[in-house]
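Atom set for the values below is all heavy atoms of this structure, side chains included, hydrogens, waters and symmetry mates excluded.
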Amino acid sequence: MSSFGKNIKKIRKVRNLSQQAFAGIFNLKRATLGAYEEERSEPKIDTIIKIANYFSIPIDDLLTKELTVNALLKFKGDLTTDTHLITKTIFPEIDFVTERLMSEYPFSFEEEEFIKHLPKIQLPIYNSELCRAFTVVNLEMTNNARGFYPNDIIIAERVPLTDPIKITNGLNYVAVTADRIIFRKLYQSKKEFVLRADHKNLHDIILHKEDLKELWNVKYVFCKRIPDFSNMVEAKLNLIQQDLAKLQEHLR
């Protein structure tokens with residue numbers, strides 16, 4: 001019997017991947033992966049090749065050796081060179097709420113068929129099971145030419161509404177109510193949420209906790225432009241110059 005099952009389980013733990021996340025990368029069912037790990041089933045050769053190439057592990061080692069954690073952390077073994085066997089990297093799929101779907105989502109997010117037919121995007125995010133992508137549709141989260149602009153894509157992780165401890169004041173969240181999606185910084189009190197825009201001319205939105213249907217914590221953003229970091233650099237340079245001036249004054 002090969003060492004394949006033990007090795008993929010070890011790979012999964014080293015990469016901090018759940019069975020569902022690992023299986024999703026290679027278009028496998030979670031139950032199928034579980035059967036491989038428990039050595040109740042043997043994989044097809046194309047599955048072995050995909051996994052070996054994805055993690056840069058020689059097929060022979062994946063099948064016949066019990067790989068160590070150290071080996072998995074620094075492995076740079078020979079890759080398959082046969083062009084017929086080489087496959088492209090497959091990233092997990094994430095449900096994507098496009099600009100067109102933003103207005104429909106609050107009325108349909110509980111419908112299984114609606115979620116099933118959301119567009120999918122593939123991104124190198126391995127904890128994708130609880131993630132969803134949303135399109136930025138306004139300028140509410142901009143400030144002095146910085147921030148989030150329309151057509152930026154934010155990737156957010158679902159927050160259970162039954163666990164207020166997992167909500168951190170001042171972070172960016174996507175809040176879904178019965179009739180709209182709101183992307184702002186969130187602050188919570190005992191009975192309500194305050195949603196605050198970065199744009200200085202906009203008032204806070206107050207929501208009672210029962211008004212909230214879904215909550216997503218923003219983890220990543222994919223910008224449609226190159227962000228302007230010039231103001232941030234200038235501010236840091238000014239601080240450095242001030243510190244140098246104080247030091248020179250002190251040394252006199």
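At least one donor-acceptor pair closer than 3.5 Å links the side chain of Tyr173 to the backbone N or O of Thr168. Judged purely by atom type and a 3.5 angstrom limit, Ser18 uses its side chain to pair as donor or acceptor with the backbone of Ala21. Remark: side-chain polar atoms of Asn143 are not paired, donor with acceptor, to backbone N or O of Lys200 under 3.5 angstrom. Using a distance-only test at 3.5 Å, with no hydrogens or angles considered, a donor-acceptor pair links the side chain of Asn7 to the main chain of Leu67. In this structure a side-chain-to-backbone donor-acceptor pair under 3.5 Å is missing from Asp61 to Pro58.
Aromatic ring centres of Phe134 and Tyr105: separated by under 6.0 Å. In this structure, Tyr54 has its ring center under 6.0 Å from that of Phe26.
When all heavy atoms are compared, the tightest approach of Phe109 to Ile115 is O-CG1, 3.4 Å. Residues Tyr36 and Ser41 approach most closely at CD2-O, 3.5 Å, considering heavy atoms. Shown here for Pro119 and Leu101, the closest heavy-atom pair between the two residues is CD-CD1, 3.6 Å. Considering every non-hydrogen atom in both Pro106 and Ile181, the closest pair reads CG-CG1, 3.9 Å. Of all non-hydrogen atoms in Ala178 and Lys213, the two that sit nearest each other are N-CG, 3.9 Å. Considering every non-hydrogen atom in both Ile48 and Phe4, the closest pair reads CG1-CE1, 4.0 Å.
Within a 6.0 Å sphere centred on NZ of Lys166, other residues, nucleotides and ligands contribute 12 heavy atoms or fewer. The environment of CD in Glu210 is crowded: more than 12 heavy-atom neighbours from other residues, nucleotides or ligands sit within 6.0 Å. At most 12 non-hydrogen atoms from other residues, nucleotides or ligands lie less than 6.0 angstrom from NZ of Lys65. The neighbour count for Glu38 CD, taken as heavy atoms of other residues, nucleotides or ligands under 6.0 Å away, is above 12. No more than 12 heavy-atom neighbours from other residues, nucleotides or ligands sit within 6.0 angstrom of CD on Glu99. Applying the 6.0 Å contact sphere to NZ of Lys185 captures more than 12 heavy atoms from other residues, nucleotides or ligands.
Distance CG/Leu139 to OH/Tyr149: 6.5 Å, rounded to 0.5 Å. To the nearest 0.5 Å, atom CD1 of residue Ile167 and atom CG of residue Leu171 are 10.5 Å apart. In this structure, Lys209 NZ and Leu161 CG are separated by 9.5 Å, a value rounded to the nearest 0.5 Å. Here the OG-NZ distance, from Ser3 to Lys9, works out to 14.0 Å after rounding to the nearest 0.5 Å. The CD atom of Glu104 sits 9.0 Å away from the OG1 atom of Thr98 when rounded to the nearest 0.5 Å. Between the CG atom of Leu212 and the OG1 atom of Thr177 there is a distance of 8.0 Å, given to the nearest 0.5 Å.
Considering only heavy atoms from C-beta on, Phe193 stays 4.5 Å or farther from Ile206 through its side chain. Contact annotation: the side chain of Pro92 approaches that of Ile25 to within less than 4.5 Å [non-hydrogen atoms, C-beta and beyond]. Between Val136 and Val221, the closest side-chain pair of non-hydrogen atoms is not below 4.5 Å. The closest side-chain heavy-atom distance from Phe183 to Glu140 is not below 4.5 Å. Counting heavy atoms from C-beta on, the side chains of Arg12 and Leu33 come closer than 4.5 Å.
Phe222 and Val218 sit in two unconnected hydrophobic clusters of ILVMFWY residues. Membership requires side-chain heavy atoms under 4.5 Å apart, directly or through other members. Both Leu28 and Ile49 belong to a common hydrophobic cluster when Ile, Leu, Val, Met, Phe, Trp and Tyr are linked at side-chain heavy-atom distances under 4.5 angstrom. Trp216 and Val194 fall into different hydrophobic clusters, defined by Ile, Leu, Val, Met, Phe, Trp and Tyr side-chain heavy atoms under 4.5 Å apart, directly or through other members. Clustering ILVMFWY residues whenever any of their side-chain heavy atoms sit less than 4.5 angstrom apart, transitively, puts Phe55 in the very cluster that holds Val14. Cluster membership for Val176 and Phe148, using ILVMFWY side-chain heavy atoms within less than 4.5 angstrom, is shared.
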* Begin with the C-alpha distance, continue with both residues' side-chain angles, and end with the deciding distance and a verdict on side chain to side chain contact (heavy atoms under 4.5 Å, CB included) for Phe22 and Ile51. => CA-CA 10 Å; Phe22 189 104; Ile51 294 174; 4.1 Å; yes

* **side chain to side chain contact (heavy atoms under 4.5 Å, CB included) between Val97 and Asp95, intermediate numbers included** => CA-CA 7 Å; Val97 184; Asp95 294 331; over 6 Å; no

* Could you give me the CA-CA distance, side-chain angles and deciding distance for Arg30 and Gln19, then say whether side chain to side chain donor-acceptor pair (under 3.5 Å) is met? => CA-CA 6 Å; Arg30 190 199 63 75; Gln19 281 190 334; 2.8 Å; yes

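Exactly one residue among Asn172, Asp198, Val174, Leu202 makes a side chain to side chain contact (heavy atoms under 4.5 Å, CB included) with Arg184. That residue is Leu202.
Checked for salt-bridge contact, Arg196 and Asp204 meet the test: a charged N lies under 4.0 Å from a carboxylate O.
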